[in-house]
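Worksheet for the structure shown next.
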Amino acid sequence: MAEAADFQGTSPSPARRWLRRTGAVLAGTPLLTGLLQLPAASPAEAAAPAAPRAASDDGSVAVSVDSLTPGAPAEGDTVTVSGTVTNKGKKTVTDASVGLRVGSLLDTRSSIDTVAKNSDDIGSPVGAEIDDKYTEKFSKLTPGVSQPYTISVPADELDLGQDGVYDLSVTLTGETSDQPWEQTLGVRHTFLPWQPDEADTKTKTTFMWPLISTVHMTAETGSDEEQTPVFHDDELADEISPGGRLDRMVTLGKDLDVTWVIDPDLLASVEAMTTRYEIPGENADDKNAVGGHQAVAKRWLTEVQKAVADKEVVALPFGDPDLASLAHHGTSVTGSLRHLKEATDVAAGTVESILHVTASTDFAWPVEGAVDPSIIKVSTSAGADKVITRGDTFEGGRDLTYTPTAPRPIGGGTTAVVADARLSTVFDGDMTRASASTQAVQRFLAQSLTLALQTDRPRSVVIAPQRTPSAAQAQTMAEAIGALQDSTWSQPQDLTAAAKSKPDSDAGTEVPPASAYPKSLRKQELPRSAFEQIARTQDKLDRFKVILSNPSRVVTPFGRALNRGMAASWRGRPAEAAIYRSGVETYLDTLSSQVRLIEKSDTKLSGRSATIPVTVQNNLVQGVEHLVLRLTSTNPTRLEIDGNAYEEQPIAVSGGHSQSVKFTTNANANGRATVVAQLYTQDGRPYGQPVTFDVKVTEITATVMLVIGGGVLLLVLAGFRMYTQRKRAAARQAEEREQENAADAADADAGDAKNPEASERRPTQESAPDTREDAPEQPSDPAPDTAPESADPSGTGERVDR
């Protein structure tokens, strides 16, 4: 302020200059005093080399740890770390050196999470570098070029102290042209678990090994005797082929102490592939597209049978239904829980028939282990009494300084098996990179050891990974489990044994409320409309199956398809899920329509009674029965069906045939009457579409009958007259012939009197001469009783017979 008061262009007065100098001295006195009071460096610190300064261009070199063996070293082991260093900057790095540094002990699980989150932060603390002889040097690192490194150090040289997890970092130091001094240009933090001696109390660890896939089979089957299955894609063949995801799961899991968690639908689908199967739209002659993977399917099932032998197997409900979606949107739809019960009932039988092992159905596994009271209720409605949840969505307990044991009694005879969230989620993400896989394995081991060191209490820990691990994730999981099984602080345990272990009295047992259910999971749930469509399809199936002579050909494939329609694998794929459910319903409608009434044209009815035929057509491969055909007159005062408003007749039609049914009708009046033909099931429910047609009735009156009768009488009289006329004509002809014969005889007698010799030569009247000129003489026939009838007109006064 004094300086501000001075006039510009003039120098300060001597008094003012003295005041400023005095103030500067007083201000520097405390700083000098502090410097004089700093403690002297310890001999060890004085001898230690100065730490390299951090680079101004932070993280210009990327450091990866692609391998760390062994993951949990013991005394006498040699720790080998390998990976790459990559110059991401624009300047060449010279005098580069890769070294190992052992940092502080990470004694909490959250501190491990923090280091993992900042694993490449060169600003994070690092320990002192191990002896310079355990380094790898590069004269220069060109921009954009990667260089591999491998460093091996005896465990004894790491100077590890008490048991626990240590921050192990790999650093790269070097110089650049614009910063020509030693500096840290890249770092990668990882974890080194250290417990060389066997623990007094080992943690019992259960690892769930899931064999689950997405939906592949449709409800459609072939019309042949074997019912050839139809798949909507051929992706399952890729998964079970050598090197495929499911093939790797089986190959890796068979040598591990794990609990197999299997969706029976997967086994049923692969078994269906062992014979011929079809894919719509594909060329049936292409063996790679249709039915070309029988050998692959048989091999995979054989490998699964070997892998699960003498291992615990847990069978999920058929199709792995989405329990949370069912609880939040399906319970209000009638019949939804019925599908869950059916899926549970067929689960154990499916696994046993294919794998020849007895599977447990006591466990329910909601998506990501997230639960609320409604999910617990639905999960146990089908018979399961153990629900697998996860620690990040289930309260651990108040004031606990350790992770409690897995089982928690939550009332009603139900046990919540709480899986450890950190151990269960560590394998999420892309594990195709070696560095990511190695980091996941080391983090898994670090969390497991830190958990074990929390308390001396015996505990059971359950690990529930993602439902459908990729092949790379499966490989990483197998490496981690193998290292854990060789460790000194853990031992494997089956899931059933873990659920039966003694609960921790201090652990929380309160089920989270509905408001605590993760919003991210709720957005992926199946909507209410999905369960409504499933219920509608089930209702159609119930009406269809009662008319079939062999309903199992339809009930089984459609029942399993409805289970698949509510699978958890549809999460995040709403459009594909809707297409699948619609396809099931549409195909059922197509089958149902194969049994129908043939359309009829309008009919004319002349007379008081007649029969009307109605034809039922069955285009199914199997026969139908238990159907009733009803013919109804909408105007019974004009037209009756067998004396009533309607008549019913039972129907049974063989597969591929038609049958006509005749109904007797009675007409009471002229006019048009509408008739409706409808099929019904035996319980009185309409089946199919009705057929409606008109019957035009023409009644015959008394006047018409008289006219017709008169015409008939005239025809009879005319015929009689023609008959009598012909008879009279024949009589006249006979009389005329008789008269001619008599006249001839009289003339002959007169001639004989005059000439007796001629009389002797002439034949007598009894003898009939041969009309032929040379005919021999034959004895004569007796004379006729009457004279031959004359054809001439009768004379006056002659009587003619009529």
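Residue numbers start at 1 and run along the sequence shown.
- Residue Lys311 places its NZ atom among more than 12 non-hydrogen atoms of other residues, nucleotides or ligands, all under 6.0 Å distant.
- Residues Leu326 and Ser336 form a side-chain contact, since some pair of their non-hydrogen atoms from C-beta on lies under 4.5 Å apart.
- A distance of 4.5 Å separates CG in Asp542 from CD in Gln538, rounded to the nearest 0.5 Å.
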- Could you walk me through whether Leu526 and His329 pass the side chain to side chain contact (heavy atoms under 4.5 Å, CB included) test, one step at a time? CA-CA 7 Å; Leu526 299 175; His329 306 289; 6.0 Å; no
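- A side-chain N or O of Glu312 and one of Thr259 form a donor-acceptor pair less than 3.5 Å apart.
- For the atom pair OH (Tyr517) and CD (Glu525), the distance works out to 4.5 Å, reported to the nearest 0.5 Å.
- The side-chain heavy atoms of Val351 and Leu267, taken from C-beta on, include a pair separated by under 4.5 Å.
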- Item | From CA spacing to verdict: side chain to side chain contact (heavy atoms under 4.5 Å, CB included), Asp320, Arg467 | CA-CA 10 Å; Asp320 187 23; Arg467 264 176 153 74; 2.8 Å; yes
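- Within the 3.5 Å criterion, the main-chain N or O of Val378 finds a donor-acceptor partner in the side chain of Ser381.
- The stretch residues 559-581 participates, sequence neighbours left out, in these ring pair (Phe, Tyr, Trp, His ring centres under 6.0 Å) pairs: Trp570-Tyr580.
- Counting heavy atoms from C-beta outward, Ser435 and Asp66 have side chains that approach closer than 4.5 Å.
- Looking at His339, its side chain never comes within 3.5 Å of a backbone N or O of Leu337 through a donor-acceptor pair.
- Counting heavy atoms from C-beta on, the side chains of Arg390 and Thr425 come closer than 4.5 Å.
- For the 3.5 Å distance criterion, the side chains of Thr476 and Ser437 qualify, holding a donor opposite an acceptor.
- Looking at heavy atoms from C-beta onward, Gln622 lies in side-chain contact with Val554 at the 4.5 angstrom threshold.
- The one candidate from Val258, Leu423, Val462 that meets the side-chain contact (heavy atoms from CB on, under 4.5 Å) condition with Phe207 is Val258.
- Listed by first then second residue, pairs satisfying salt bridge (charged side-chain N to carboxylate O under 4.0 Å, His left out) with a partner in residues 476-498 number zero, not counting sequence neighbours.
- Between the Ser501 side chain and the Ala498 main chain, a donor and an acceptor come within less than 3.5 Å of each other.
- A distance of 3.5 Å separates NZ of Lys540 from CG of Asp589, quoted to the nearest 0.5 Å.
- The closest side-chain heavy-atom distance from Pro366 to Val387 is below 4.5 Å.
- Thr84 and Ser64 form a side-chain donor-acceptor contact under 3.5 Å, judged by distance and modelled atom types alone.
- Results of the side-chain contact (heavy atoms from CB on, under 4.5 Å) test with Glu220 over Leu588, Val230, Val584 single out Val230 as the only residue that passes.
- To the nearest 0.5 angstrom, Gln485 atom CD is 11.5 Å from Gln491 atom CD.
- With Gln439 contributing its side chain and Thr190 its backbone, the two residues share no donor-acceptor pair below 3.5 Å.
- Proximity of a side-chain donor or acceptor of Gln473 to a complementary backbone N or O of Gly429 within less than 3.5 Å is detected.
- Checked by atom type and distance alone, the side chain of Ser593 pairs as donor or acceptor with a backbone atom of Thr590 at under 3.5 Å.
- Asn618 approaches Gly623 most closely through the heavy-atom pair ND2-CA, 3.8 Å.
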- Task: Could you check Glu532 against Arg536 for salt bridge (Lys or Arg N to Asp or Glu O under 4.0 Å), going step by step and ending with a plain yes or no?
- Result: CA-CA 6 Å; Glu532 291 174 341; Arg536 183 172 63 248; over 6 Å; no
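- In this structure, Arg571 contributes its side chain and Leu521 its backbone to a donor-acceptor pair below 3.5 Å.
- Distance CD/Glu239 to OG/Ser269: 10.5 Å, rounded to 0.5 Å.
- Annotation: salt bridge (charged side-chain N to carboxylate O under 4.0 Å, His left out) contacts involving residues 556-565, sequence neighbours excluded, comprise Asp265-Arg564.
- Residue pairs meeting the ring pair (Phe, Tyr, Trp, His ring centres under 6.0 Å) criterion with at least one member in residues 459-496, sequence neighbours excluded, do not occur.
- By the neighbour-count criterion of 12 heavy atoms within 6.0 Å, atom NZ of Lys386 is densely surrounded, having more than that number from other residues, nucleotides or ligands.
- Residue pairs meeting the salt bridge (charged side-chain N to carboxylate O under 4.0 Å, His left out) criterion with at least one partner in residues 434-445, sequence neighbours excluded, are Asp113-Arg443.
- Interatomic distance, Thr350 OG1 to Leu266 CG, rounded to the nearest 0.5 Å: 11.5 Å.
- Under a 3.5 Å cut-off, the side chain of Asp420 and the backbone N or O of Ile463 do not form any donor-acceptor pair.
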- Is there a side chain to side chain contact (heavy atoms under 4.5 Å, CB included) between His328 and Asp372 once you walk through the steps? CA-CA 10 Å; His328 295 157; Asp372 59 25; 2.7 Å; yes
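- When all heavy atoms are compared, the tightest approach of Leu246 to Trp300 is O-NE1, 3.3 Å.
- Between Arg248 and Gly243, the closest heavy-atom pair is CG-O, 3.8 Å.
- Residues Val346 and Pro264 are not in side-chain contact: their nearest non-hydrogen atoms beyond the backbone lie 4.5 Å or more apart.
- Glu235 places no side-chain N or O within donor-acceptor distance of the main-chain N or O of His216, the cut-off being under 3.5 Å.
- Pairing each heavy atom of Pro557 with each of Gln227, the nearest pair is CG-NE2, 4.4 Å.
- Ser592 places no side-chain N or O within 3.5 Å of a backbone atom of Phe544 that could act as its donor or acceptor partner.
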Quiz: residues 302-309 side-chain donor-acceptor pairs under 3.5 angstrom, not counting sequence neighbours:
| residue | atom | partner | partner atom | Å |
| --- | --- | --- | --- | --- |
| Thr302 | OG1 | Lys298 | O | 2.9 |
| Gln305 | NE2 | Ile354 | O | 2.8 |

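- When only modelled atom types and interatomic distance are considered, Thr205 and Ser490 share a side-chain donor-acceptor pair under 3.5 Å.
- Proximity of Tyr687 to Val595: side-chain heavy atoms (C-beta onward) are separated by under 4.5 Å at one or more points.
- Nearest heavy-atom pair, Asp263 versus Gly319, reported as atom, atom and distance to 0.1 Å: OD1-N, 2.9 Å.
- Contact record, Ile375 with Ala370: CD1-O, 3.6 Å, taken as the closest heavy-atom pair.
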- Item | CA sep, side-chain torsions, deciding dist, call: Glu278, Thr218, side chain to side chain contact (heavy atoms under 4.5 Å, CB included) | CA-CA 10 Å; Glu278 298 178 355; Thr218 69; over 6 Å; no
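- Ring orientation note: the planes of Tyr587 and Phe558 are close to parallel, at an angle under 30° on the 30°/60° scale.
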